[in-house]
*Asks:* 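First the structure, then my questions, so here it is.
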Protein chains: 2
Amino acid sequence: MTEFNSKQIEIINITEKLFAEKGFDGTSIREIAKAAEINVAMVSYYFGSKEKLLEAIILYRVSAFGVMLENLQNEPISPIEKVKKYICFYIKRIYENKDIYQILHFEIVNQKRTSDFPFFSEIKRKNLQLLENIIAEGKNSAIFKPKCNTVLIPTLIIGTFSQFYNNKKFYQEMLNLNDEASFEHYILNDFIEEITNVILGMLIK
Amino acid sequence: MTEFNSKQIEIINITEKLFAEKGFDGTSIREIAKAAEINVAMVSYYFGSKEKLLEAIILYRVSAFGVMLENLQNEPISPIEKVKKYICFYIKRIYENKDIYQILHFEIVNQKRTSDFPFFSEIKRKNLQLLENIIAEGKNSAIFKPKCNTVLIPTLIIGTFSQFYNNKKFYQEMLNLNDEASFEHYILNDFIEEITNVILGMLIK
DNA sequence: GTTTAAATTAAACGATTGTTTAATTTTTGT
DNA sequence: ACAAAAATTAAACAATCGTTTAATTTAAAC
């Protein structure tokens, strides 16, 4: 579909970080130009406008989310293992793409730019469908409870993670995770384990 | 401490909604003045500046959070009932104050305004302490598991709620909650119940 | 090597931003 | 009723905003 050259991708990467940190309205094109070491006119030249740059960032990042775990469903492992893999993959993806998740969070809430994101909703729907299939398998195998609200599970994962990450300072104090490395280690190990236990607790009989 | 007259409170209420909808940087003083039917100069007159108006909004709202459930700990009910009450109260409070939570979420993440919110952190800490006391009581009574991560519980509650509410449209479609009333009903009943089950599942043996 | 297209630049554009001024109206205290 | 204080106003302020222009440099094509 739409393709970006290396210069555009560089601008996208730098701007993504700025938008995540300061917000779309809190970031000026001149700031972007300075950070990316380009002339202010280049944003309009490459993307048309600031708003279209935002759209390009979202498109560029989210389209990479497309293929995720479609083969997970057919792997020869138990539903429990599948759920574990799902959660692990999902949290890692959010963590690695926290900037774009931050931007999307704001843009979805924001009433200024009436941007709806059909392809992002589509991914969410697909994502949820995959999980529901796995859980249905677990129900059929009588491993999972017959009644459990699956819709809230992705919400719980991404919501808890966002809340945790955005209050980084607070939790670093609380959990004695003083440096960046130990905070990351906590997320990729303890946090994932914790969330996995919560969700398996919801599912398993 | 700082007190606001009725005119100031009116401006605070109207601006709170605008900031939550469009963000601080996405809302101009002229928009505020129009919505509040005042002259643009009145914001500076009453609050000093736009940024001080933001601080006033946060101070005004968050200071009302102070006293919450201090007596909950001493009520003659089981730890399980206390946890239930805690969750119910907490979710209702977030729901009723979603605008200021939205603003705070953005301001905490935002790297532009180096505002730290010591009194908000203090409330969070107090909030968490109360929950930990209740859970400790449950552990002593051998009702709750001896090992369970309590730190993540408020994070889970507020995170899941925020994620749910901010993707209102998506979940309204998903759960067939077409009108505002049924969406609110879902939050105040089904959602609270769902979250309560998740957390009690984490705690109870 | 010349021509054509693409990339980059500095400067300017009008519009909007937050804030201040100075004048006027309204309210308050006596 | 009058003086003082508070509230409100329209207008102007300089600064910054996103975007465009027109000129110049760089790269590509033949």
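Letters A, B, ... are given to chains in the order of the sequence lines, protein chains preceding strands, and every chain is numbered from 1. The shown structure was predicted, so the numbers you read here are calculated from the model rather than taken from an experiment.
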*Asks:* Applying a 4.0 Å non-hydrogen cut-off, can you work out what B/Ser28 is touching in the nucleic acid: base, sugar-phosphate, or nothing?
*Replies:* sugar-phosphate

*Asks:* What's the CE-P distance between B/Met42 and C/dT26, to the nearest Å?
*Replies:* 14 Å

*Asks:* Which nucleotide wins on minimum distance to the side chain of A/Lys7, given the candidates C/dT8, D/dT21, C/dT19?
*Replies:* C/dT8

*Asks:* Are B/Tyr45 and D/dT8 close enough that a side-chain N or O sits under 4.0 Å from OP1 or OP2?
*Replies:*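 So the side-chain polar atoms of B/Tyr45 never come under 4.0 Å of the phosphate oxygens OP1 or OP2 of D/dT8.
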
*Asks:* Mind checking whether B/Val198 and A/Val198 have side chains closer than 4.5 Å, heavy atoms only?
*Replies:* yes

*Asks:* I'd like to know if A/Glu31 and A/Lys34 make a salt bridge, using a cut-off of under 4.0 Å between side-chain N and carboxylate O.
*Replies:* no

*Asks:* Rounding to a whole Å, what distance do you find between B/Arg113:CZ and C/dG18:P?
*Replies:*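 Nearest whole value for this atom pair: 11 Å.
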
*Asks:* May I ask you to verify if any side-chain N or O of B/Asn39 is less than 4.0 angstrom from the OP1 or OP2 atom of D/dA10?
*Replies:* yes

*Asks:* Does A/Glu51 or B/Ile38 map to a spot on DNA chain D nearer the 5' end, using the closest nucleotide for each?
*Replies:*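 Closer to the 5' end of DNA chain D: B/Ile38.
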
*Asks:* To the nearest Å, give me how far apart CD (B/Glu10) and C1' (D/dT8) are.
*Replies:* 14 Å

*Asks:* To the nearest Å, give me how far apart NZ (B/Lys50) and P (C/dT20) are.
*Replies:* 15 Å

*Asks:* Between A/Arg30 and A/Glu37, which is nearer to the 5' end of DNA chain C once each is assigned its nearest nucleotide?
*Replies:*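 Its nucleotide being nearer the 5' end, the pick is A/Glu37.
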
*Asks:* Nearest whole Å is fine: how far is C/dT9 P from A/Lys34 NZ?
*Replies:* 15 Å

*Asks:* Salt bridge or not for A/Glu132 and A/Lys139, using N-O below 4.0 Å?
*Replies:*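 Salt bridge between A/Glu132 and A/Lys139, a charged N being under 4.0 Å from a carboxylate O: no.
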
*Asks:* Want to settle it: does B/Val40 or B/Asn5 sit nearer the 5' end of DNA chain D, counting the closest nucleotide to each?
*Replies:*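 By nearest-heavy-atom nucleotide position, the 5'-most residue is B/Asn5.
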
*Asks:* Thinking salt bridges, do B/Asp25 and A/Lys112 make one under a 4.0 Å N-O criterion?
*Replies:* no

*Asks:* What's the CD-P distance between B/Glu31 and C/dT16, to the nearest Å?
*Replies:* 11 Å

*Asks:* Is the shortest side-chain N/O distance from B/Tyr46 to OP1 or OP2 of D/dT8 below 4.0 Å?
*Replies:*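 Affirmative; the distance criterion is met.
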
*Asks:* Over how many whole Å does the gap from B/Leu18 atom CG to C/dG18 atom P extend?
*Replies:*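 Going from CG in B/Leu18 over to P in C/dG18 covers 12 Å.
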
*Asks:* What integer distance in Å separates B/Ile29:CD1 from C/dG18:C1'?
*Replies:* 5 Å

*Asks:* Using a strict 4.0 Å threshold on nitrogen-to-oxygen distance, state whether B/Glu75 and B/Lys82 make a salt bridge.
*Replies:*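 No, B/Glu75 and B/Lys82 are not salt-bridged.
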
